[in-house]
Amino acid sequence: MTDFSFDYDELLWEAQQLAGYRKLAHCEASAESFNASCGDRIVVAVAGSAQDSDEVGWHGEGCVISQVAMSRAIGLWQSGEQSLEVLAELDPTEFRTLLGFESIGMGRYPCVLLAQAAIKKLVGLLASRTPAN
Amino acid sequence: MLKSATQTTQSPIAPGKVVAADFPILQTKVHDKTLVYLDSAATSQKPQVVLDAIQRYYTTANANVHRGVHTLGDRSTQAWHQARKTIATFLGAAADELVVTRNATEALNWAAQAAAERVQADDIILVTQLEHHSNLVPWQRLAEKKLAHLVVIPTLPTGFLDVAWLRQKLADLAWAKKVKVLATSHVSNAIGTVLPLEALQTLKQQFFPQAWWVVDGAQGAPHLAVHFDAWPEITMYAVSAHKMLGPMGVGALLVKHSVLENLSPWLTGGGMIDAVTVANATFHSDLEERFSAGTPDVAGLVGWAAACDYLETIGLTQLAAHDEMLVAETLERLDQFPKITVVGPKQTRIDGQLVRCGSVTFIYQGVHAHDVGQILDSEGVAVRSGHHCTMPLHQAYGWTATVRASFQCYTSSDDIARLQVGLQKVAQVFA
């Protein structure tokens with residue numbers, strides 16, 4: 001059996017400079033994911049067009065993993081490597097692996113997936129507001 | 001013939017490091033460090049005697065009970081009855097007051113279902129703010145279904161039940177008359193508070209003797225002596241084997257004889273019937289049989305009985321004293337961390353009465369409970385992080401999540417010292 005472990009120092013460093021962490025003054029849409037089991041919370045919002053990564057912001061509270069996971073997801077989006085839609089639709093295992101959390105224990109999966117839950121809600125919200133062609 | 005589960009020929013053994021040697025899993029390494037298991041409130045570890053008893057049952061006596069005339073059937077039936085008797089005696093009850101379930105959760109759900117007949121619209125179901133979801137959600141559902149009122153007895157900021165609040169409410173005799181169920185824990189799984197059973201007993205006798213009192217004993221039975229038949233006001237008491245050194249998947253609801261004989265079985269089918277036709281069935285007159293539908297978990301009961309014998313060998317008084325020592329030591333060690341706040345009672349005794357047992361729960365300021373738990377795990381120390389199935393209690397006090405270290409007979413002072421070392425690492429990492 002494999003014992004899971006990861007470098008907390010690295011995560012703590014990242015937690016000091018979370019990508020995209022800010023509350024938007026005006027947002028077109030925002031979505032929240034909350035883990036009632038532990039109080040972890042992520043609110044992600046977009047202003048204007050979702051294609052413009054400068055107009056993305058998120059804030060939250062919770063364990064280091066949940067916050068860093070969201071930061072890494074937003075980082076991938078900001079760099080153009082992944083779209084919000086793709087991030088939302090990834091299999092949970094793929095999502096974790098993409099964000100570099102393949103080595104965490106199962107007890108921490110919900111912490112990582114909180115980010116995906118918030119992104120999925122936001123994508124759904126934006127899709128429902130897109131007028132049909 | 002299967003060795004009697006009641007044979008206790010060993011001399012008393014000292015809890016702590018001596019006892020720990022009897023638990024094979026405690027030799028396990030976690031992240032290359034010897035495991036320090038401080039999550040016994042979630043589930044306890046099992047001594048070799050329990051593992052041996054289960055294996056011995058399956059290798060020498062496994063057969064269905066009361067269903068054959070062959071030797072193995074006899075062995076298994078004897079083992080089943082003997083195990084039931086051992087467990088019931090350990091809990092201060094008669095064997096036919098023991099209704100076997102999968103765990104305390106199932107026991108409490110059945111208690112709520114059984115109470116449905118006596119709860120009517122506008123009646124009151126009393127619960128406490130300390131309750132585990134298993135002793136809250138079933139009552140919520142019953143209240144909703146029967147249009148009854150679910151009333152929550154609050155706790156004080158100290159972690160104690162606000163008995164004065166209850167006393168004040170009961171002064172309204174018309175209100176008191178409407179109380180049909182009192183559902184409380186024996187010991188809080190979240191913050192270790194020992195509930196004042198005597199005080200509640202006095203109030204019940206005086207103001208609402210008509211009510212059923214259902215006690216969640218999941219955290220009480222592993223640490224404190226249970227005298228079910230000596231507690232006249234307690235109607236039902238739920239326990240889980242796996243929290244008291246027994247296997248997972250078996251538990252019980254103790255039900256006062258006078259109540260049980262008037263209840264309908266909640267599970268029907270094989271084994272509990274007297275006679276069956278296509279149109280009808282009558283149930284067994286013997287209570288042990290009537291409330292044992294289907295093939296029972298004989299191996300689980302045999303293992304649980306072995307656990308009861310093992311705890312008796314240690315001695316319940318010695319066990320309780322050991323637990324109190326561990327709680328006191330943990331409180332003292334945690335006091336050295338300025339960023340740690342213990343939740344629940346800050347002492348083990350007040351005026352000679354035990355007020356806290358089994359665990360110490362705390363908040364580490366500025367560090368999420370999951371992060372504390374993860375770093376402790378990296379040091380080989382297992383604790384629980386989260387809400388411990390007590391969301392309403394956590395919400396009431398604004399606790400996002402807490403960390404709980406919980407103890408059993410195999411926990412030693414060395415384990416508490418390792419917890420302290422682990423918390424020092426938390427302090428370093430999050431400096």
Side-chain angles (χ1 to χ4, degrees), chain A residues 1-18 21 32-43 58-73 92 95-96 99-118, chain B residues 25 28-35 39 42-43 132-133 137 190 343 361 363-404 422-431:
Chain A
M1 258 186 273
T2 309
D3 285 346
F4 295 98
S5 63
F6 46 88
D7 190 340
Y8 248 100
D9 286 338
E10 183 188 322
L11 287 178
L12 277 174
W13 181 85
E14 274 189 69
Q16 306 305 313
Q17 41 248 320
L18 298 167
Y21 192 94
E32 176 180 315
S33 62
F34 175 67
N35 186 337
S37 287
C38 63
D40 285 356
R41 181 190 306 270
I42 288 171
V43 179
W58 71 279
H59 62 277
E61 58 211 9
C63 68
V64 166
I65 287 180
S66 69
Q67 305 302 294
V68 168
M70 187 61 183
S71 172
R72 289 182 181 179
F95 185 84
R96 279 191 300 106
L99 299 191
F101 285 109
E102 61 272 18
S103 67
I104 61 166
M106 287 178 71
R108 304 307 298 273
Y109 288 2
C111 307
V112 175
L113 295 175
L114 199 70
Q116 189 181 38
Chain B
I25 200 170
T28 294
K29 296 271 190 203
V30 169
H31 302 296
D32 296 321
K33 298 178 175 69
T34 304
L35 171 67
D39 199 18
T43 197
H132 186 286
H133 298 159
V137 178
V343 296
T361 305
I363 293 167
Y364 197 114
Q365 187 194 335
V367 184
H368 194 280
H370 279 173
D371 293 320
V372 173
Q374 194 79 67
I375 291 171
L376 288 174
D377 177 66
S378 73
E379 293 296 306
V381 179
V383 296
R384 181 157 174 190
S385 308
H387 58 67
H388 320 305
C389 300
T390 56
M391 277 192 197
L393 179 67
H394 278 66
Q395 285 159 9
Y397 286 97
W399 306 328
T400 306
T402 54
V403 181
R404 182 186 69 189
L423 289 170
Q424 282 163 354
K425 184 171 178 188
V426 173
Q428 279 165 21
V429 168
F430 283 89

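As the structure is a prediction and not an experimental result, all values here were calculated from the model. Protein chains get the first letters and strands the later ones, always in sequence-line order, with residue 1 at the start of each.
Comparing A:G39, A:C111, A:A15, A:S37 by how many heavy-atom pairs each has under 4.5 Å with chain B, the most go to A:S37.
Pairing each heavy atom of A:C38 with each of B:A401, the nearest pair is O-CB, 3.7 Å.
Here the side chains of A:I65 and B:H368 are not in contact, with every heavy-atom distance at 4.5 Å or above.
Note that the CG atom of A:N35 and the NE2 atom of B:H370 stand 7.0 Å from one another [nearest 0.5 Å]. Separating the NZ atom in B:K425 from the OH atom in A:Y8 is a distance of 10.5 Å, to the nearest 0.5 Å.
A donor-acceptor contact shorter than 3.5 Å is absent between the side chain of B:D371 and the backbone of A:C63.
Tested against B:V429, the residues A:L12, A:V64, A:L11 include a single side chain to side chain contact (heavy atoms under 4.5 Å, CB included) partner, A:L12.
With a 4.5 Å cut-off on non-hydrogen atoms, A:A36 touches chain B through its backbone and its side chain both.
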